[in-house]
Amino acid sequence: MPNEVRLQKFLAEQGVASRRKSEDLIRAGKVKVNGHIAVIGQKINPRKDLVTVGKQKITAQKNRNMVYLMLNKPRGYVVTVSDEYDRKTVMDLIPDVEERVYPVGRLDKDSEGLLLLTNDGSFTNSITHPSKGFSKVYRVTVRPAVNDEILYNLRNGIEIDGRMTAPAEVTVLVEEENRVVLEFILHEGRNREIRKMCESQGLEVARLKRQAIGSLKLGVLPQGKYRELTELEVKKLLRSAGH
């Protein structure tokens with residue numbers, strides 16, 4: 001049917017969550033179509049079908065205002081729209097944003113720095129899809145020390161969870177007694193990847209801050225604050241993704 005669309009795509013386009021997170025909601029049985037629990041890959045007609053997430057009715061919004069935000073995430077906040085354990089989420093940092101937005105990609109609770117939020121499902125998919133290979137720059141403080149062998153392993157790949165990490169650019173920025181500051185440039189986004197890489201080499205990660213995603217840099221944005229991306233910044237990111 002020409003008016004039908006995949007459910008997870010519809011949820012992402014309506015700003016409920018990213019496409020991947022929408023699939024997680026469907027798998028968890030939290031999404032219903034016309035009162036029946038939805039399944040992955042299900043197609044709906046947004047004009048006719050009633051879609052609910054929990055108790056919230058999701059309706060197709062015409063001429064939605066697309067929102068693109070950059071947040072300087074502090075430590076201690078989880079990157080999710082809501083948290084079942086009642087922990088602080090990044091949504092607590094944007095209470096005055098009227099549109100329903102969601103985080104783009106990952107940044108674990110103990111990490112900080114650049115995080116994007118949007119209600120544009122297509123934009124999210126462009127930024128997070130592994131095939132796009134967006135570079136992400138991190139400043140990472142580790143203890144106690146690194147040597148040539150550790151740097152070689154970090155740069156050339158380490159087996160984590162049965163799979164090798166992709167090659168990374170790793171540069172020593174500061175080297176002091178019992179403390180080293182490294183710059184990591186990654187082109188993949190596996191869960192807690194840098195922490196697991198460092199732990200495999202006997203390094204404790206004392207601080208991890210994301211400073212850039214592709215052409216977009218955190219700059220001087222204060223911690224815990226956000227700003228809207230400029231039209232040029234959005235266009236640059238999409239151009240890098242092949243749009």
Side-chain angles (χ1 to χ4, degrees), residues 8 17-25 27-28 40 71 73-81 83-85 87 89-90 102-117 124-175 178-214 216-218 237 240-241:
Q8 57 264 41
S18 68
R19 202 174 299 188
R20 189 179 69 236
K21 291 289 187 183
S22 295
E23 290 176 355
D24 291 341
L25 289 171
R27 287 192 189 94
I40 293 289
L71 171 71
K73 174 194 170 303
R75 282 182 275 191
Y77 288 80
V78 292
V79 176
T80 184
V81 172
D83 183 67
E84 59 189 40
Y85 302 109
R87 294 174 295 181
T89 81
V90 292
Y102 54 84
V104 177
R106 301 184 181 103
L107 201 59
D108 68 59
K109 183 168 85 66
D110 297 320
S111 298
E112 57 191 294
L114 175 56
L115 179 71
L116 297 175
L117 299 104
T124 298
N125 197 48
S126 296
I127 300 301
T128 59
H129 199 282
S131 67
K132 306 303 180 184
F134 268 93
S135 63
K136 300 180 183 71
V137 181
Y138 301 83
R139 184 182 175 96
V140 186
T141 303
V142 298
R143 300 188 180 109
V146 298
N147 55 35
D148 289 344
E149 181 183 357
I150 289 174
L151 291 172
Y152 177 87
N153 292 338
L154 294 174
R155 289 166 178 158
N156 289 279
I158 294 167
E159 186 175 324
I160 294 175
D161 302 327
R163 188 158 59 92
M164 295 295 289
T165 59
E169 298 173 51
V170 183
T171 306
V172 177
L173 300 179
V174 179
E175 196 163 11
N178 206 41
R179 174 182 176 272
V180 181
V181 181
L182 302 171
E183 180 182 81
F184 277 74
I185 303 179
L186 302 186
H187 297 275
E188 63 179 356
R190 292 166 62 179
N191 190 31
R192 297 177 67 85
E193 181 170 2
I194 290 176
R195 292 185 184 277
K196 290 178 179 179
M197 289 169 69
C198 290
E199 286 164 9
S200 76
Q201 302 302 299
L203 299 173
E204 174 200 351
V205 175
R207 190 173 184 185
L208 193 158
K209 183 175 184 178
R210 182 157 63 200
Q211 297 186 303
I213 298 174
L216 191 64
K217 294 179 173 58
L218 185 61
L237 287 169
S240 297

For the atom pair NZ (Lys73) and CG (Asp108), what is the distance rounded to the nearest 0.5 Å?
7.0 Å

Would you say that Phe184 contacts Val137 through its side chain, given a criterion of any heavy-atom pair below 4.5 Å between the two side chains?
no

CD of Glu23 to CD1 of Ile40: how many Å apart, nearest 0.5 Å?
4.5 Å

State, with a plain yes or no, whether a side-chain heavy atom of Val78 is found less than 4.5 Å away from one of Tyr85.
no

Applying salt bridge (charged side-chain N to carboxylate O under 4.0 Å, His left out), which residue pairs with at least one partner in residues 145-173 are found, sequence neighbours left out?
Asp161-Lys196

Under 3.5 Å donor-acceptor pairs involving side-chain atoms of residues 197-207, not counting sequence neighbours:
| residue | atom | partner | partner atom | Å |
| --- | --- | --- | --- | --- |
| Ser200 | OG | Met197 | O | 2.6 |
| Gln201 | OE1 | Asn153 | ND2 | 3.0 |
| Arg207 | NE | Glu112 | OE2 | 2.9 |
| Arg207 | NH2 | Glu112 | OE1 | 3.1 |

Which heavy atom of Val81 sits nearest to which heavy atom of Pro103, and what is that distance?
CG2-CD, 4.0 Å

When rounded to the nearest 0.5 Å, the distance separating CD1 of Ile160 from CG of Asn191 is 10.5 Å

For residues Lys209 and Leu218, report the shortest heavy-atom separation together with the two atoms involved.
CE-CD2, 3.6 Å

For residues Leu237 and Phe134, report the shortest heavy-atom separation together with the two atoms involved.
O-CZ, 3.2 Å

What is the minimum heavy-atom distance between His187 and Ser135, and which atoms define it?
CE1-CB, 3.5 Å

Would you name the heavy atoms of Thr165 and Glu188 that are closest together and state the gap between them?
CA-OE2, 3.4 Å

Any Thr89 side-chain heavy atom under 4.5 Å of Tyr77 side chain:
no

Measuring from Thr128:OG1 to Arg19:CZ, what's the distance to the nearest 0.5 Å?
9.0 Å

Testing the 3.5 Å rule here: is there a donor-acceptor pair between the side chains of Ser111 and Arg195?
yes

When you compare the side chain of Leu117 with that of Tyr102, does any pair of heavy atoms fall below 4.5 Å?
no

I need the Leu114 CG to Ile213 CD1 distance, nearest 0.5 Å.
4.0 Å

With heavy-atom distances below 4.5 Å as the criterion, would you say the side chains of Val140 and Val142 are in contact?
yes

Determine, step by step, whether Arg87 and Thr80 satisfy the side-chain hydrogen bond (donor to acceptor under 3.5 Å, both in side chains) criterion, reporting the C-alpha distance in whole Å, the side-chain angles of both residues, the deciding distance to 0.1 Å, and the verdict.
CA-CA 10 Å; Arg87 294 174 295 181; Thr80 184; over 6 Å; no

Side-chain touch Leu71/Val90, heavy atoms, less than 4.5 angstrom:
yes

Nearest heavy-atom pair of Val79 and Leu107: which atoms, and what distance?
CG2-O, 2.8 Å

At what distance, to the nearest 0.5 angstrom, does OG of Ser240 lie from CD1 of Ile127?
8.0 Å

Quick one: does Arg210's side chain get under 4.5 Å of Lys136's, heavy atoms only?
yes

Any non-hydrogen side-chain atom of Leu182 less than 4.5 Å from a side-chain atom of Leu151?
yes

Listed by chain and number, what are the salt bridge (Lys or Arg N to Asp or Glu O under 4.0 Å) partners of Arg20, not counting sequence neighbours?
none

